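As the structure is a prediction and not an experimental result, all values here were calculated from the model.
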Amino acid sequence: MPEYAVLIYSPAPADPMELTPDYVALLEQYPAKVTELGGRIVTGFALQPSTTAAAVRGDLVTDGPFIEAKEVVAGFYVLEAPDREAALEIAKLNPATIHGGVEVRPLFIAPTE
């Protein structure tokens, strides 16, 4: 089954310790919805707040995220889904779409020779 990276965007600084109980409840319900639509979450990770980020450009290292933005990458997961359309339907149900958004991208598979 194809796999997709789902990048989760949340308002900066996207601190996972500041999630509301209502949001946590939605997150707990999400895996069942994924399964209902024929998908499977392979793995996923929340990230520390964007205030802990460091940006590296060549030899220059600066504190903070790569760019300043209202929304930052708060986490990601790998999703197995039957096809792109199913992956997008699953992504639409992610609670992150309420106050931020998600980006769905197919994982790269190197061509075989």
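- The shortest side-chain heavy-atom distance between V102 and L7 does not fall under the 4.5 Å cut-off.
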What verdict does the side chain to side chain contact (heavy atoms under 4.5 Å, CB included) test give for Y4 and E80, after you've listed the backbone C-alpha separation in whole Å, the side-chain angles of each residue and the deciding distance to 0.1 Å? CA-CA 6 Å; Y4 301 85; E80 259 184 359; over 6 Å; no
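- V72 and F45 fall into different hydrophobic clusters, where Ile, Leu, Val, Met, Phe, Trp and Tyr residues are linked whenever their side-chain heavy atoms come under 4.5 Å apart, directly or through other members.
- Between P106 and R84 the shortest side-chain heavy-atom distance does not fall below 4.5 Å.
- Around atom CG of L60, more than 12 heavy atoms belonging to other residues, nucleotides or ligands sit under 6.0 Å away.
- Chaining together hydrophobic side chains whose heavy atoms lie under 4.5 Å apart places L107 alongside V42, V78.
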What's the verdict on side chain to side chain contact (heavy atoms under 4.5 Å, CB included) for I8 and F76, showing C-alpha distance, side-chain angles and the deciding distance? CA-CA 6 Å; I8 300 165; F76 65 94; 5.9 Å; no
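- Residues passing the salt bridge (charged side-chain N to carboxylate O under 4.0 Å, His left out) test with E103 are R105, sequence neighbours excluded.
- Checked by atom type and distance alone, the side chain of Y30 pairs as donor or acceptor with a backbone atom of I90 at under 3.5 Å.
- With rounding to the nearest 0.5 Å, the separation of CG in D83 from CG in L88 is 9.0 Å.
- Minimum heavy-atom separation, A87 to V104: CB-CG1, 4.2 Å.
- Between S10 and P16 the shortest side-chain heavy-atom distance does not fall below 4.5 Å.
- In this structure, CD on E71 lies 11.0 Å from NE2 on H99, to the nearest 0.5 angstrom.
- With sequence neighbours left out, K92 forms a salt bridge (charged side-chain N to carboxylate O under 4.0 Å, His left out) with E89.
- Atoms CD1 and CG, from I98 and L26 in turn, are 5.0 Å apart once rounded to the nearest 0.5 Å.
- N94 and Y77 share a donor-acceptor pair across their side chains, judged by distance under 3.5 Å alone.
- When every heavy atom of V61 is checked against every heavy atom of A54, the shortest pair comes out as CG1-CB, 4.4 Å.
- Looking at V24 and P21, their side chains never come closer than 4.5 Å, going by heavy atoms from C-beta outward.
- Side chain of T97 to backbone of L93: no donor-acceptor contact under 3.5 angstrom is found.
- Between I41 atom CD1 and T35 atom OG1 the span is 7.5 Å, to the nearest 0.5 Å.
- Taking OG1 of T20 as the reference point, atom CG of L27 lies at 9.0 Å (rounded to 0.5 Å).
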